[in-house]
Protein chains: 2
Amino acid sequence: MPGAIDTLLRRLETIGYVTDTDRALLADLPIRIVELGRGEDAASDGNVVSQSCVLLQGFMHRYKVLPDGGRQILAFHTPGEIPDLHSLHLTKMDHSLAATERSTVGFIKHTDISALLERSPNITRLFWRATLIDSAVFRMWMVEMGRRPAVAHLAHLVCEIYTKLHVIGLARNWVFRLPAVQEEIADALGLSAVHTNRTLQDLRARQLIQFEAGNVRILSWPGLVRLALFDPSYLHLREDVQLPEG
Amino acid sequence: MPGAIDTLLRRLETIGYVTDTDRALLADLPIRIVELGRGEDAASDGNVVSQSCVLLQGFMHRYKVLPDGGRQILAFHTPGEIPDLHSLHLTKMDHSLAATERSTVGFIKHTDISALLERSPNITRLFWRATLIDSAVFRMWMVEMGRRPAVAHLAHLVCEIYTKLHVIGLARNWVFRLPAVQEEIADALGLSAVHTNRTLQDLRARQLIQFEAGNVRILSWPGLVRLALFDPSYLHLREDVQLPEG
DNA sequence: CGCCCACTTGAACGTGTTCAAACGTCGTGG
DNA sequence: CCACGACGTTTGAACACGTTCAAGTGGGCG
């Protein structure tokens with residue numbers, strides 16, 4: 001995969017500053033490129049792992065399955081992110097990480113990551129910061145789940161994903177791919193699939209989005225933002241990144 | 001405050017191993033001891049901060065307030081934790097941190113923490129791990145909020161707090177302090193205060209707990225664990241710590 | 001004594017769930 | 001080429017969990 005770390009770099013540069021020496025160090029990281037099929041786990045709940053993966057192409061989600069079969073999706077991840085970087089210090093997975101659609105990931109051994117971090121305090125800070133931003137997103141989701149009505153929550157999720165894709169250049173003109181089926185969106189929102197379907201129809205009826213076959217078109221960004229009360233500061237992006245506006 | 005870092009050490013030793021040199025380094029940390037009144041913020045949403053605080057005595061919670069006045073409590077914190085350690089790398093607060101009851105905290109400047117971390121890769125790992133465990137707890141809460149009925153969720157919260165207090169020696173014999181009023185518990189569970197009241201009565205009627213004036217007595221740990229489906233592995237405690245049992 | 005705060009109770013209401021069935025599309029195999 | 005099955009989406013209707021509003025209780029403290 002040519003420029004595997006370019007994807008990682010683009011993401012890192014949206015949340016902090018990368019020096020040239022860091023760039024060189026990252027380029028030297030041994031990465032094993034793997035193609036994951038839809039729904040395939042990159043890491044599974046309960047397992048002790050010795051590698052993390054950077055998402056290069058596609059879409060991933062983290063999730064937890066309950067004894068009764070219920071599932072809660074905890075996060076969606078976009079290219080350049082390292083969804084299971086936390087496993088570097090919490091080697092036993094307390095949830096699973098899967099490809100939402102067919103995706104390309106790059107596995108990096110923990111030993112190689114540790115060696116890299118020893119050599120660059122700046123990358124240490126950046127990687128730590130990346131895990132802290134995951135944490136900030138969890139907090140935001142908790143607020144959405146606990147205190148917001150279904151439509152607003154769904155609108156917020158759309159705003160979040162669009163913003164994340166936009167800043168790495170993977171979304172323009174209010175169109176993007178959200179390769180999740182309604183049941184997955186439901187599991188992310190903490191709702192039933194039936195109600196998620198009706199909530200989507202609500203958003204459509206309000207002329208805020210189109211959503212079909214994993215393709216979203218935002219019809220009114222200001223309308224969505226207002227409904228969602230979306231404020232991107234919790235994403236802790238660099239002050240100089242270009243946020244969506246319109 | 002004699003042995004301010006002892007409290008911190010006790011917590012750190014439940015999640016990892018601290019060397020003697022680390023102990024010495026920690027003991028040298030300049031700490032400013034402050035008493036916080038009930039409800040008083042140690043750090044507030046939107047502020048840029050240059051210090052973090054270790055909870056020495058009492059109880060804290062993190063929360064976010066919505067434009068409509070609603071509040072979501074994101075976490076409860078027990079002595080020895082550094083609830084806003086994340087602000088080391090996310091200096092702009094995206095939520096607030098407050099004392100749940102009158103508490104003693106020790107403020108540590110970020111510059112001093114950074115200096116410490118530069119000298120000890122082991123403490124860096126431990127501190128990073130601590131923030132990752134916060135993250136793991138957020139994930140668990142998301143599952144509880146999204147996929148569990150109110151009683152089970154409440155039971156889970158009780159199990160979590162008892163376990164955290166137990167491992168640092170602040171709870172024995174199934175009795176502990178949970179100095180939160182019902183409205184705070186409601187805001188933590190994502191429920192209304194009224195329904196939280198009824199859910200508490202439900203737990204009492206099931207003979208699982210007593211709860212009065214911030215004092216909890218667990219009447220049947222196995223019963224609570226079963227109802228909550230409580231599995232402490234998400235707390236990522238050291239394998240050799242003594243978990244509650246009975 | 002009187003007020004404030006937290007807790008409690010009742011009753012109507014509403015958002016979201018559950019169960020069940022139907023529809024459409026796509027890929028596969030007869 | 002069509003039949004079939006799998007899967008995702010959509011719809012209807014009954015139900016339930018949790019909310020909201022409103023009032024009342026009780027203890028602690030000035």
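Chain letters run A, B, ... following the sequence lines, proteins first, then strands; residues in each count from 1.
- A distance-only check finds no donor-acceptor pair linking the side chain of A:Ser103 to the backbone of A:Ala99 [under 3.5 Å].
- B:Lys164 and B:Glu81 are joined by a salt bridge, as a carboxylate oxygen and a charged side-chain nitrogen come within less than 4.0 angstrom of each other.
- Along DNA chain D, the stretch of nucleotides lying under 4.0 Å from any heavy atom of chain A spans, 5' to 3', D:dG8 to D:dA13.
- Computed from coordinates, the B:Asn215 CG to C:dA6 P distance equals 16 Å when rounded to whole Å.
- For the pair A:Ser44 (side chain) and A:Asn47 (backbone), a donor-acceptor distance under 3.5 Å is absent.
- Between the side chains of A:Gln72 and B:Arg139, no donor-acceptor pair of N or O atoms lies under 3.5 Å.
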Protein heavy-atom contacts under 4.0 Å, written 5' to 3' over nucleotides 13-23 of chain C as B (base), S (sugar-phosphate only) or - (none), form the string ---BBBB----
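- More than 12 heavy atoms of other residues, nucleotides or ligands lie within 6.0 Å of CZ in B:Arg204, so this atom counts as buried by the packing criterion.
- When the side-chain nitrogen and oxygen atoms of B:Gln201 are compared with OP1 and OP2 of C:dT9, one or more of them lie within a distance under 4.0 Å.
- Put simply, the side chain of A:Thr7 never gets that close to the backbone of A:Pro79: no donor and acceptor are under 3.5 Å apart.
- In this structure, B:Glu101 atom CD and C:dA6 atom C1' are separated by 16 Å, rounded to whole Å.
- With A:Arg62 as reference, A:Asp134 is the one residue of A:Asp134, A:Asp187, A:Asp84 to meet the salt bridge (charged side-chain N to carboxylate O under 4.0 Å, His left out) rule.
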Ring pair (Phe, Tyr, Trp, His ring centres under 6.0 Å) evaluation trace for B:Trp174 with B:Tyr162: CA-CA 8 Å; B:Trp174 314 113; B:Tyr162 184 77; 5.2 Å; yes
